[in-house]
S.K.: 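First, the structure itself, so that you have it in front of you.
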Amino acid sequence: MLKLGLPSKGRLMEQSFEWFCARGIRLSRAGSDREYAARAEGIDGLSLVLLSAGEIPRELAAGRIQLGVTGTDLVREKLAGWRSDVVELAPMGFGHADLVLAVPSCWRDCEGLDDFAAIARDFRAAHGFRLRIATKYHRLVRAFLSEHEVADYQLVDSQGATEGTVANLTAEAIADITSSGETLRANHLKILPDALIHASQATLLANRSAAATAPMQALLAHLGLAQPH
Ligand SMILES: Nc1ncnc2c1ncn2[C@@H]1O[C@H](COP(=O)(O)OP(=O)(O)OP(=O)(O)O)[C@@H](O)[C@H]1O
Ligand SMILES: O=P(O)(O)OC[C@H]1O[C@H](OP(=O)(O)OP(=O)(O)O)[C@H](O)[C@@H]1O
């Protein structure tokens, strides 16, 4: 029996159900709306579990589920060695969102990462503490800024409503997901054009050990997907 972990709410859950239905596997919630149970029809040997999108990478790496759907941003953020833990089987064509660095729109002289790095250096000298970037993507942001030699900052953890932290004076900049850009604009923030940290989309993933098993090969064939190498 293969266990498939799906996001438990919102667009990601609905579009995951649609993706599988278009491939002859009908997924549906079981029990009440508040129960996290679901079932699969149209294929044998597949069970479902509804999980927080942020928890699916860890459940896959641990092998408690053999298949999962979540954003590539969360896979890379949650799993340091993601390539050795999981296999990306197929981008699914929805859940497109960019992880970006954004600063106040009024920072007219900040037009890119080089300006940001200079502002961060001046900020520390002027204020005696490092410029604060609010984010929930600590691993990805640190790696990106290190790669671009930006050093004078500190990360402030923000698990939601991250765009509001600048107005609330708990941060000077943010790194968060954007899709239409509406939330950033509404909070008077602008994206630095050279600060796309990761372009994410919903992806079907497998636990790396399970990817080579016969039941997985059969499911991939049913879905018309190439066998992972
Ligand atoms: N506005 C959006 N448009 C498209 N995709 C988005 C949007 N916001 C978030 N996502 C993507 O949806 C996935 C889930 O994001 P979300 O922030 O809901 O994760 P999460 O908070 O860990 O989930 P949960 O709230 O269940 O714990 C991520 O891969 C993210 O990139
Ligand atoms: O660029 P936009 O189209 O404005 O989308 C970006 C927003 O979408 C997500 O929030 P959402 O309310 O979708 O989910 P959440 O409950 O995780 O905040 C994300 O956290 C951003 O705040």
Side-chain angles (χ1 to χ4, degrees), residues 3-20 27 29 33-38 48-62 64-65 67-80 82-83 85-105 133-141 143-144 155-168 170-171 173-193 195-206:
K3 186 174 278 192
L4 165 62
L6 292 177
S8 59
K9 67 180 170 72
R11 290 173 296 242
L12 276 193
M13 183 187 78
E14 291 151 15
Q15 291 172 305
S16 297
F17 279 31
E18 290 163 10
W19 189 91
F20 279 94
L27 308 181
R29 297 194 72 128
D33 271 0
R34 284 289 168 191
E35 283 181 78
Y36 294 105
L48 290 188
V49 60
L50 298 179
L51 298 168
S52 156
E55 288 174 8
I56 287 174
R58 187 179 58 238
E59 292 301 292
L60 269 174
R64 287 188 287 268
I65 58 176
L67 285 154
V69 174
T70 192
T72 51
D73 56 339
L74 295 176
V75 172
R76 285 155 177 75
E77 176 60 25
K78 304 284 186 177
L79 302 178
W82 69 273
R83 287 186 178 84
D85 297 330
V86 300
V87 179
E88 293 186 340
L89 298 174
M92 298 172 81
F94 58 87
H96 294 282
D98 290 340
L99 176 56
V100 298
L101 183 62
V103 300
S105 304
I133 302 172
T135 190
K136 74 174 184 182
Y137 293 91
H138 295 236
R139 185 194 314 281
L140 288 175
V141 173
F144 179 81
L155 296 187
V156 171
D157 187 51
S158 171
Q159 289 301 317
T162 304
E163 297 88 347
T165 56
V166 174
N168 296 336
T170 52
I174 72 162
D176 197 18
I177 284 298
T178 183
S179 181
S180 69
E182 188 48 47
T183 308
L184 288 174
R185 281 189 295 275
N187 288 279
H188 314 295
L189 297 169
K190 66 177 181 179
I191 300 171
L192 293 185
L196 170 61
I197 299 169
H198 178 69
S200 179
Q201 73 173 285
T203 297
L204 180 63
L205 303 122

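First listed ligand is number 1; within each ligand, the first listed atom is number 1. For the numbers below, each heavy atom of this structure counts, side chains included, while hydrogens, waters and symmetry mates do not.
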S.K.: Check Arg11 against ligand 2 and report side chain, backbone, both or neither, counting heavy atoms closer than 4.0 Å.
M.R.: side chain

S.K.: Is there a polar contact, in the sense of an N or O pair closer than 3.5 Å, between Lys9 and ligand 1?
M.R.: yes

S.K.: Is the closest protein non-hydrogen atom to atom 3 (O) of ligand 2 under 4.0 Å?
M.R.: yes

S.K.: Using a 3.5 Å cut-off on N or O atoms only, is Thr70 in polar contact with ligand 1?
M.R.: no

S.K.: Around atom NZ of Lys190, are there more than 12 heavy atoms from other residues, nucleotides or ligands closer than 6.0 Å?
M.R.: yes

S.K.: Closer than 4.0 Å to some heavy atom of Thr178 - which atoms of ligand 2 meet that?
M.R.: 1 (O)

S.K.: List ligand 2 atoms under 4.0 Å from Glu163, heavy atoms only on the residue side.
M.R.: 21 (C), 22 (O)

S.K.: Looking at every heavy atom in both Phe20 and Leu6, which two are closest together, and how far apart are they?
M.R.: CE1-CD2, 4.2 Å

S.K.: Ignoring hydrogens, what is the shortest heavy-atom contact between Lys3 and Arg64? Give both atom names and the distance.
M.R.: CD-O, 3.6 Å

S.K.: In the structure I gave you, are the side-chain heavy atoms of Leu60 and Asp85 within less than 4.5 Å of one another anywhere?
M.R.: no

S.K.: What residue and atom, counting heavy atoms only, is the protein's closest point to atom 29 (O) of ligand 1, and at what distance?
M.R.: Asp73 OD1, 2.7 Å

S.K.: Contact between Thr165 and Val156 at the side-chain level, heavy atoms closer than 4.5 Å - yes or no?
M.R.: no

S.K.: Looking only at non-hydrogen atoms, find the nearest pair between Ala175 and Ile133 and report the distance.
M.R.: N-CG2, 3.9 Å

S.K.: Which heavy atom of the protein is the closest neighbour of atom 20 (O) of ligand 2, given with residue, atom name and distance?
M.R.: Asp176 OD2, 4.1 Å

S.K.: What is the closest protein heavy atom to atom 8 (N) of ligand 1, and at what distance does it sit?
M.R.: Ile177 CG2, 3.7 Å

S.K.: Please confirm whether Ser180 comes within less than 3.5 Å of ligand 2 when only nitrogen or oxygen atoms on both sides are compared.
M.R.: yes

S.K.: Which one of Ser179, Ser52, Ser8 has a non-hydrogen atom at the shortest distance from atom 27 (O) of ligand 1?
M.R.: Ser52

S.K.: Around atom 15 (O) of ligand 1, find the nearest protein heavy atom and jot down its residue, atom name and distance.
M.R.: Leu74 CD1, 4.4 Å

S.K.: Of all the non-hydrogen atoms in the protein, which one sits nearest to atom 6 (C) of ligand 1, and at what distance?
M.R.: Ala97 CB, 3.9 Å

S.K.: Check this for me: does any side-chain nitrogen of one of Arg76 and Glu88 sit under 4.0 Å from a carboxylate oxygen of the other?
M.R.: yes

S.K.: Answer yes or no: is there a side-chain heavy-atom contact under 4.5 Å between Ile174 and Leu184?
M.R.: yes

S.K.: Would you call Val86 and Pro57 a side-chain contact if the rule is heavy atoms closer than 4.5 Å?
M.R.: no

S.K.: Without swapping roles, check the side chain of Glu77 against the backbone of Leu140 for a donor-acceptor pair under 3.5 Å.
M.R.: yes

S.K.: In the protein, what heavy atom is nearest to atom 1 (O) of ligand 2, and what distance, to one decimal place, separates them?
M.R.: Ser179 N, 2.7 Å

S.K.: With a 4.0 Å cut-off, strictly under, does atom 9 (C) of ligand 2 pick up any protein heavy atom?
M.R.: no

S.K.: Provide, to 0.1 Å, the distance between atom 16 (O) of ligand 2 and the closest protein heavy atom, together with that atom's residue and name.
M.R.: Lys9 NZ, 4.8 Å

S.K.: Where does Leu12 meet ligand 1, judged by heavy-atom distances below 4.0 Å: at the side chain, the backbone, both, or neither?
M.R.: side chain

S.K.: Among all protein non-hydrogen atoms, which one is nearest to atom 4 (C) of ligand 1, and what is the separation to 0.1 Å?
M.R.: His96 O, 3.4 Å

S.K.: Does the protein come close to atom 11 (C) of ligand 1 - that is, does one of its heavy atoms sit below 4.0 Å from that atom?
M.R.: no

S.K.: What's the shortest distance from atom 1 (N) of ligand 1 to any protein heavy atom, and which residue and atom give it?
M.R.: Arg11 NH2, 3.5 Å

S.K.: Test Leu89 against every option in Leu204, Val69, Leu205 by the side chain to side chain contact (heavy atoms under 4.5 Å, CB included) rule and name the one that passes.
M.R.: Leu204

S.K.: Is ligand 1 less than 4.0 angstrom away from at least one heavy atom of Gln201?
M.R.: no

S.K.: If you round to the nearest 0.5 Å, how far is CG of Leu74 from OG of Ser52?
M.R.: 8.0 Å

S.K.: Tell me whether Lys136 has any N or O atom under 3.5 angstrom from an N or O of ligand 1.
M.R.: yes

S.K.: Kindly confirm or rule out an N or O of Gly181 lying under 3.5 angstrom from an N or O of ligand 2.
M.R.: yes

S.K.: Can you name the one residue among Met13, Lys9, Gln15 that meets side chain to side chain contact (heavy atoms under 4.5 Å, CB included) with Arg11?
M.R.: Gln15

S.K.: Hey, is atom 12 (O) of ligand 2 touched by any protein heavy atom at less than 4.0 Å?
M.R.: no

S.K.: Kindly give the heavy-atom pair with the smallest separation between Asn187 and Gly164, and that separation in Å.
M.R.: OD1-CA, 4.1 Å

S.K.: Between Phe17 and Leu27, which heavy-atom pair has the shortest distance, and what is it?
M.R.: CD2-O, 3.4 Å

S.K.: What are the atoms of ligand 1, with element, lying closer than 4.0 Å to any heavy atom of Gly71?
M.R.: 29 (O)

S.K.: Is a side-chain donor or acceptor of Thr203 paired with a backbone partner of Gln201 at a separation under 3.5 angstrom?
M.R.: yes

S.K.: Where does Ala53 meet ligand 1, judged by heavy-atom distances below 4.0 Å: at the side chain, the backbone, both, or neither?
M.R.: both

S.K.: Heavy atoms of the protein only: does one fall short of 4.0 Å from atom 18 (O) of ligand 2?
M.R.: no

S.K.: Does a side-chain heavy-atom distance below 4.5 Å link Thr162 with Lys136?
M.R.: no

S.K.: Starting from atom 7 (C) of ligand 2, what is the nearest protein heavy atom, named by residue and atom, and what distance separates them?
M.R.: Thr183 OG1, 3.8 Å

S.K.: So for atom NE2, which belongs to His138, do other residues, nucleotides or ligands contribute more than 12 heavy atoms lying within a distance under 6.0 Å?
M.R.: yes

S.K.: Gly160 near ligand 2, heavy-atom distance under 4.0 Å?
M.R.: no

S.K.: Just heavy atoms, cut-off under 4.0 Å: does Gln159 contact ligand 1 by side chain, backbone, both, or neither?
M.R.: neither

S.K.: Just go through Ile177, Asp98, Asn187 and tell me whose heavy atom is the nearest to atom 6 (C) of ligand 2.
M.R.: Ile177

